[in-house]
Every structure is written in C-alpha cells, then in structure tokens.
Amino acid sequence: MKTKTKMAITDKIIMLMILVFFINSVKVEAQSTTPASEVDALQEIATQLGKKDWNFSVDPCSNDTTWVTPISADRPLFNNTVTCNCSTGDGACHVTNLFLKGQDLAGVLPPSIAKLPYLINVDFTRNYLNGSIPREWASTKLQYLSLTVNNLSGPIPSYLGNITTLIYLSIENNMFSGTVPPELGNLVNLQNLILSANNLTGELPVALTNLTKLTELRISSNNFNGRMPDFFQSWNQLQKLEIQASGLQGPIPSSISVLNSLIELRISDLNGVGSAFPSLSNMTGMTNLMLRSCNLSGPIPSDLVTMTKLKILDLSFNKLDSSIPNFADLTYLQNLYLTSNLLTGAIPDWIKSRDNRYEIDVSYNNFTESSEPASCTETLNVFKSFSATDNSLYGECLKSYPCPKDQYSLHINCGGEETTIGGIKFEADQVPGGAAYFAPSIASWGISSTGHFWDVNATSSDYIATNISILGMNNSELYTEARLSPLSLTYYGRCFGNGNYTVKLYFSEIIIRGNRSFYSLGRRIFDAYIQEELVLKDFDIEKEAPGVDKPVIWEFKAVEVKKKTLEIRFHWSGKGTTAAPKRGVYGPLISAISIESEFKPPHDSKTWVFIVVGASVLCLILLILSILWWWGCLDKKISREEALRGLDLQTGFFTIKQIKAATNNFDPVNKIGEGGFGSVYKGILLDGTIIAVKQLSAKSKQGNREFVNEIGMISGLQHPNVVRLYGCCIEANQLLLVYEYMENNSLARALFGPEGGSLKLDWPTRQKICLGIAKGLAFLHEESTLKVVHRDIKTTNVLLDQDLNAKISDFGLAKLDEEENTHISTRVAGTIGYMAPEYALWGYLTYKADVYSFGVVALEIVAGKNNMKFRPNEDFVCLLDWALVLQQKGNLMELVDPKLGSDFSKEEAIRMVKVALLCTNPAPALRPTMSAVVSMLEGRSVVPELIMDPSIYSDEMRLTALRNQFERFVEDSSSSGTQSFMRASESDATWIGYSATTTSSDLYKVGPSS
C-alpha cells in the first residue's frame, strides 16, 4: 500500500514538473517575437505580391488565423500559411516558410524575399504573378521553391544557379522562354526539377549532368531542340522522368536502361526517327510506364513482366507489331493502353476475362476477328481493332444494330442533352466516359475514347465538362456541356449514304477562364482529324474564338463517305498545360458536331413524282423570268449585296441595327482609328463580344467586284496570327466590316506611339510578336488553301490582342498568289520603307515581297525605331541602312532598343536581326520562305551568314520614293502622258527619267546632263 502511495506521489511530481516546463516554454515562446526587420520585409512582400489581407497588428509568428490558413477539403487549391522557427537561440522567431497558394495574387515576385534570412520554403503555386525571378533571390538560402501556374515570363535567369541550397524547384505552367541556363548545373543538391509547360528552346545544357541527386525531372511541353540527351548515366537516383511533347527528337537513348530506380517514366510525342523498344528490364520497381507516340517499332518485349508493381502501361500510337505478351501475372496492372499500333494475332483471353475494374484499350490494331469478344464492355475498347474486311461495323457489339436505311445527316450535342437549334435536333450525348471507353449502344453513331488523366484520380464524370457560368452567346444549349478526353476521342457515324458531306465542329472553351486569375492560365492545344485526314493542327479554342465562353465553328466541305462510315477524331499530342486551373482538364474539348449531305438524298416513288412536277413548274417560272430579263423588264445590274451573298463566306451578316447598337450609333467616342477604307469604331454586341467595325468611306474608289472578291478571300483566312473577320453589313448604301477587336491596337503604336510605353514591350514579348507575324505570313503564303500575298506588311497593319499576340490585319491590298504564276504583275501599292525593291521599281510581285516587308518590321521590333523616320545622321537613309553598316562593323548589338536595358536575350536579339537582314536581301531568290523564318526564329535552324553592301539601299530607297512620287503625280494629272526627270541626289550627276502613259510606265537612268 505504501509502495502504491509513493508511486502515486512520484507520478504527480513528474506531471507537475512537465506542466511547469510546458508553461515556462509557452512563456518563452510568447515572449519571442518576429524581428522588426522581418515584419518590414513581410509588409514589402505583401505590397509587391498584391496581398492585402495580412493583419500586421498581429505578430506574424503568433499562429493567428491571419497568418495560418492551410489547405482544406472545401478549398483544396488554397493555402495561406506563414510559419516560423522560434528555436534559433537568439530569443526571436524567424519566418521560415511562405505558402501562398491559390490566391490569384496579381503582383510580381517580391525582391524582398531576400530580406528574410531564415526563409527556406517558398510556394506561390496557382497565382497570377507577372514579371521574372528577381536577382535579389540569388542571395537566399531557399531549399524549396515552387512558382507553378503563374504568368511569369522572360528567360530563366542564370543567377538562379547561385541558390545552391535548393532541393526542389518548379516553374511549371508559366511563359518562361529562351534556353535552360547551364548555371542550373550548380544546384548540386537539387532533387526535383520541374520545367514543364513553358516556351523553353535550345538544347539541354550538359551541365545538368552535375545534378547527381535528381530524383524527379519533368521537362514536358516545351520547344527544345535536338535529340534526347544522353545524360542518364549521371542521374542514377532518378525515380520520376517525364519528357512529353518537349520538342526533342528520338530515338530514346539506350543508356536509359541504367535508371534502375525509376518508378515512373513518361515519354511521348518524340520527333525524328524511331527505334526498337528500349531495354527497361532492370526497372523492376516501375509503377507507371508511358512510351506513347515515340515511333517505336517491333514487338512489345515480354521482359516487362519483371515490373511486378506496374499499374499503368501506355504504349499507344506507335508501330509495335506481333502479338501481346502474357501480362496476366501483373496483378497490379489496372490500365493498359495499346491504342493505334500494328498488333496482330489474337486478343489474349486474360484481357477479355478482366472485369470493369480494369481499363484496357486495344483499339486501332489488326487482331484476328475470331478473337473478338462475344460482347463488348465499356472498359474494354476494341474499336477498329480487327483486320476483317467488314470492319466498318466496328465490332461484334454493332452487329445487332443493322442499318435499317441510309442516313444523310447527323447532329450531336457532345456531352449534353437533346436540344433543337434552328429546327435541327441535336441528339443527346450523355453516356459517361472513361479511359478505355467504347459506347456502341446507338445504332447510327457512337464514341471511342482512350487516355488517362495522369496525376489525378479521375472518375467517369471528368470526361464531360460542364460550364458553370452564364452563357450569353446564341444557341448556348450547345455549349453548356462538352465532351473532354485526355488523349484521343473518336465520334463515328454509321449507315451514311455514300457521297460528299459538310461537317461542322462546334467549340467553346468552358473550363479555362478569361479573368485575371490562375483559372485563366491553362493552354488547351489539340488536333482534329476527319476521315483520318488532319484538318486542325495545334488548335486552341480560346485563341480562335477569341476568348472563353465564346463559340467558334469550323466548317469542312466535300468530306467523302465511301464505306457508309464517317469518323471524326480529336487528339492531344502533349502540348499546352496539364496543371491549370487544376490537373486533369487538358486534352480535346468538343461541344457539338453537325453532318449534312451535299447532295439530295434519294426518295421513294411518291415523293419523287412530286419533286418532278415541282421541278417542272420551277423551270417554267425561270424560263418566263429569263424572257422578261432579256426584254429589259428586269434590272440586269447585280448589287453589291447580291454579289456578297452569292459568295461562300465563312462569316456572318450583320444588320445596320446591330452595328449601330454596338457602336452607339457610331459615336465619335468609340472611334479608334482610320483603316484602309475609312473610319474604325469599337463596338460591343449584345452577347458581350467586343468588335471593331470598319466603315467604308464614301470616297473609296474600290469597285464592287474587286471589293466583293477581296472580302470573299479574307473570310476564308482563319489563323491565330491573322485578324479574324466576323462578318459584314451590306444594308442600303452602308458597307461595314466587322472584325475581332484588338485591345492593344497596333504594333506601331506600341513601338513608336506616345502611349506605347505603357505596354512595356519586354524582350520575350517582342520575340513572341515577331514570331507571331512570321507564323501568320507562313500561313498566308504556304498553309492556307488560298495562297495570299499581303502587299502591305508594316507595323500599323500588325495588331495586338489583350495578351500581346500579333495578328496581321488590313487585307485591302492583298492579292491571291496563283500557283501557276511565278509572279503577279500589278500596279504598285504599298508603303514606302516596307516595299521590296523589285516590287517598288518594276511591279514584280511574289510572296517574297512580304518577306522583305517582314524583315523591315523585325528590325523595327528589335530597335524600337521607325525604319523611315530614323536617321542617326545624314549618311544614313533609314534604319535598314544603319543596320547594314553595323553588320559590316560587327556591332549589331547597337541596334537593340535602349529601353530594354540589359534585360534581354542577346542570342535571340542577334538572331532576330540576322533573320531580318536575310529577309531584306535585294535579291528575292536569296530571301527565305516564311516557314524557314519561323524555324530560324525558334532556334530550330541556323541563320545563314550573309553580309550585304549597304550602298545598294540608298539608290533603291531613292528610286522607290521617286517612283511613288511620279505615280502620284501621274494619277492626279489630267494629261494622258508625262515625261519627267529628276536628279538622283545632289552629289550625283545621274538623272532619273520617268515616262508614263495611261497604260504603262517606266523608270530609267540617263547620263550626265548639261
């Protein structure tokens, strides 16, 4: 009893001592405060970030709710946490961690981070931060740095390599450009390096082999050059490797076999040559393996069975042949994707016997028909997987659905309910989706979907997107829901009558948002195929619409149906982003599909009788009308409105009432400039779409026929870097053109205008603008169905949208470049300073004239100076003349706009100048094509060295000016012919002669005159 009493007393004494110790500890911590210098730094950080909800009346290290709001179930993307270390021994609490996630902070990365000497972890994931990484951060001791999903741009700074304490670095889903600096090789403690979803170029530096502690490397969705680097020997601790759509070329290096620690390997969409399947047998701990679209050939190696922990195996879109190995013993294997290969033999029984817990896709292969499963399940996709000649039935599942009769139209509200639009019924499409999904339950059509939403636990509901915002567009029922796929989605129609059809694809971006938040930072890019022919490449709904929650409809004519089937497939090739606004929302998105025959369907005998009778009566009426017209009883003139409506315009017609309402009756307040044909007004349609309205001036001399032809040409041009024509208004005497509105006006205003400085055209933006113009011209010259020579490329005809993307505008002078013509002989029209010499002097017009003009514009982008207005002294005619002199002196850097300071890529600037000078070669044959220009600007090909004599431009500039001066004189002259002379220059005895008649003109030189 005494013993128990003593033990009880002893326990109480121990408890009392612990309590006293705890109270004393609390007192010590309570007395510890954050140093004033760190509080001041946090206030500066809040200002720089744009964070306004920190309460500085409370100590930052107090664990108050002001400073600690961690991730919760109802706000999974949000974290607002500041934590401190109060055990440093100096009696103070020091800030060590900043977790500010999912808050839409719209400021800049704060330089004042460097004023927190104990800070080791910074996580600014999912905000809207702009600018670049501050130089001040180079002095920090950070260990963890995540800037994932922001709006950061510019090159990755080399001084980032000074933070040698870094263990984790992620800059995924930003707009970083340029090359990966070799200084990152100094981060010898780095374990996680994530560079995915940026605009990085060049080759990976060899210095990265110094990162021997790497366990994770992700470099997907970039524009790198060259072959996959053979660095793997240095990364033997690597556990996760992701190289999807990186721009790198194959084959996969054989040295990858040394990565024995890999548990996840994801390589996809390699360019270049293919190879056999790499040796991976030593990677026995592998759980997730993707080698997709890697151009692999040969059989699937049976030694993959050594990967006993394998859960996901994706080998789709390769050229793998032979039969499927026996993977029956891989009990963890839940997802198997072998889509689109050359596999043969029988579909193994172990695949057909697996239940709905497994998702297996063997579609688009050549298996024997006898191995076809007796019935189809939604998680075993066997669509087009057999070599049978009647494969148009797409499997056993559809054999119970014979075609009762041919169909000649089909309309599907993808992912949505049945709805009727304009008297047309769009069928419902609300069956759930899946990773290996085959829905053949509808007799006339069905869907096949394949692909895995990586890094998320996806459910069937994730394959249908639902718009939660209020839609203001017409026919919003088609855009409320949409079908979504992480990789490949096929809609197939059966029982069609053979012949040509018109296919319309309806799109609207309803997941990514258009506001200034991280919800707007996603980039969805995918391809579309019709009847296995690529019709849309790198398609971006948001850019094409333009904007979110706005419809864009693509129409394709003369789609041929031969075997009563029509396939429309959407494919994601790894480009764009996978983390914004959250993971698992990337890949193709389609709102609706419409298919209509371009021929009259056959009818039964009774209907045919009525048609014949009706046609006979119609012919009689037409005959009478023709006689009346011949007698002059009917007006033979065709109005401009009739001519326009007779065109096959890919645009819409607006009423004058709509236009007046949009522009507030052409209020002068809404006037934003003067176009080639008259005034330009800003307007807002009832659905909220902002438009630019060009009002044709009454003084315009352009005839109806010419104007109609040009509008017809422009209506067919749709490209992210070409201003889109929405439609026109042709009521009464009004002729109005309705274009997409460009928020940042023209490139000329941004570069040279007084208000241009507010746009802050930093170097990455200038690079993007120059590349955008080049891509737009490459489209006009080489990719568009109509090959177009613009004739007037200049900075005022390049417009900038809200994201400073460049779009070519003003096609008033454009000409069709007919393929059978080597050049177009035409009266000179254009702008002095941008016209190619051969065109200005002799009217010799090819697409190389646009290349020349582009070269001048590229120089202006680099220099920030107007070509014709810049004359550093009397020895120089223009900016181009000065550039050529600097090239000969080897001092091209002097061209760069001083406003850029030192914050630009010297390599990219020199490259752009060299490309510009190559484009302005006086010999058209020596100028590159615009597709070659794009390749050079992106760093994918070398810029040829070509140094020209600057003196040639002095004469040609004077000749150009002289010719234009004479032509203006002749145009205004009432005489039928003129002959004039002018001295070429004050110091030159040579005279320039010009003679002109109403039908021809010529420039010539004569010798010294008395």
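Both backbone and side-chain heavy atoms feed into the values below; hydrogens, waters and symmetry mates do not.
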>> Before you tell me yes or no, could you show the steps for Ile171 and Ile156 under side chain to side chain contact (heavy atoms under 4.5 Å, CB included), namely the whole-Å CA-CA distance, both residues' side-chain angles and the distance that decides it to 0.1 Å?
In response: CA-CA 9 Å; Ile171 61 170; Ile156 301 174; 3.6 Å; yes
Donor-acceptor contact below 3.5 Å, side chain [X] vs main chain [Y]:
| X | Y | answer |
| --- | --- | --- |
| Arg227 | Ile252 | no |
| Asn174 | Leu147 | yes |
| Glu907 | Ala909 | no |
| Ser853 | Ala849 | yes |
| Ser221 | Gly576 | yes |
| Glu740 | Arg724 | yes |
| Ser520 | Ser517 | yes |
| Arg513 | Ile510 | yes |
| Arg292 | Tyr337 | no |
| Ser293 | Asp269 | no |

Does any non-hydrogen side-chain atom of [Y] lie less than 4.5 Å from one of [X]?
| X | Y | value |
| --- | --- | --- |
| Leu320 | Leu315 | yes |
| Leu761 | Ile769 | yes |
| Thr578 | Val585 | no |
| Leu747 | Val857 | yes |
| Asn744 | Asp801 | no |
| Leu505 | Ile568 | yes |
| Ser340 | Ser363 | no |
| Phe904 | Asp762 | no |

Does the side chain of [X] pick up a donor-acceptor pair with the side chain of [Y] at under 3.5 Å?
| X | Y | answer |
| --- | --- | --- |
| Ser448 | Thr490 | no |
| Thr466 | Glu481 | no |
| Arg483 | Tyr491 | yes |
| Asp549 | Asn467 | yes |
| Asp361 | Tyr437 | no |
| Thr148 | Glu172 | no |

Is it true that [X] and [Y] have ring centroids separated by less than 6.0 Å?
| X | Y | answer |
| --- | --- | --- |
| Phe570 | Phe539 | no |
| Tyr364 | Phe383 | yes |
| Phe317 | His571 | yes |

Heavy atoms only: give me the nearest [X]-[Y] pair and the separation to one decimal.
| X | Y | result |
| --- | --- | --- |
| Ile243 | Met228 | CD1-CE, 3.6 Å |
| Leu799 | Ser809 | CG-OG, 3.6 Å |
| Leu566 | Ile530 | CD2-CG2, 4.5 Å |
| Leu484 | Gly584 | CD2-O, 4.4 Å |
| Leu800 | Ser746 | CD1-O, 4.3 Å |
| Asn199 | Asn222 | N-OD1, 3.5 Å |

Return the set of residues passing side chain to side chain contact (heavy atoms under 4.5 Å, CB included) with [X] (not counting sequence neighbours), or none when no residue passes.
| X | result |
| --- | --- |
| Asn413 | Thr419, Phe426, Leu478 |
| Ser297 | Lys319 |
| Asn151 | Tyr128, Asn130, Met175, Leu521 |

> Applying salt bridge (Lys or Arg N to Asp or Glu O under 4.0 Å), which residue pairs with at least one partner in residues 538-548 are found, sequence neighbours left out?
Replying inline: Asp538-Lys575
Got a second to check how far [X]'s [atom1] is from [Y]'s [atom2], nearest 0.5 Å?
| X | Y | atom1 | atom2 | result |
| --- | --- | --- | --- | --- |
| Ser275 | Asn318 | OG | CG | 9.0 Å |
| Met912 | Ser905 | CE | OG | 9.5 Å |
| Leu489 | Ile447 | CG | CD1 | 6.5 Å |
| Asp314 | Leu265 | CG | CG | 11.5 Å |
| Thr502 | Ile595 | OG1 | CD1 | 10.5 Å |
| Asn475 | Ser508 | CG | OG | 12.0 Å |

Flag the pair [X] and [Y] as a salt bridge only when some basic side-chain nitrogen lies within less than 4.0 angstrom of an acidic carboxylate oxygen.
| X | Y | value |
| --- | --- | --- |
| Asp850 | Arg927 | no |
| Glu532 | Lys384 | yes |
| Glu555 | Lys504 | yes |

> Would Glu203 and Thr179 satisfy side chain to side chain contact (heavy atoms under 4.5 Å, CB included), going step by step from the backbone distance to the final call?
Replying inline: CA-CA 7 Å; Glu203 297 184 357; Thr179 59; over 6 Å; no
> Could you go step by step and tell me if Glu264 and Leu241 meet the side chain to side chain contact (heavy atoms under 4.5 Å, CB included) rule?
Replying inline: CA-CA 6 Å; Glu264 179 173 291; Leu241 176 61; over 6 Å; no
>> Between Tyr501 and Phe556, is the ring pair (Phe, Tyr, Trp, His ring centres under 6.0 Å) condition met? List the steps.
In response: CA-CA 8 Å; Tyr501 288 77; Phe556 304 93; over 10 Å; no
> Quick one: salt bridge (Lys or Arg N to Asp or Glu O under 4.0 Å) partners of Lys848, sequence neighbours excluded?
Replying inline: none
>> Check for me whether Arg569 meets the cation-pi criterion with Tyr529, that is, NZ or CZ under 6.0 Å from the six-membered ring centre and within 45 degrees of the ring axis.
In response: yes
> Which is it for Gln767 and Ser177 under the side chain to side chain contact (heavy atoms under 4.5 Å, CB included) test, yes or no, and what are the steps along the way?
Replying inline: CA-CA 9 Å; Gln767 171 79 1; Ser177 58; over 6 Å; no
Exercise answer: donor-acceptor pairs, residues 586-594 side-chain atoms, under 3.5 Å, sequence neighbours excluded:
| from | atom 1 | to | atom 2 | distance (Å) |
| --- | --- | --- | --- | --- |
| Tyr586 | OH | His452 | O | 3.4 |
| Tyr586 | OH | Trp454 | N | 3.0 |
| Ser594 | OG | His411 | ND1 | 3.0 |

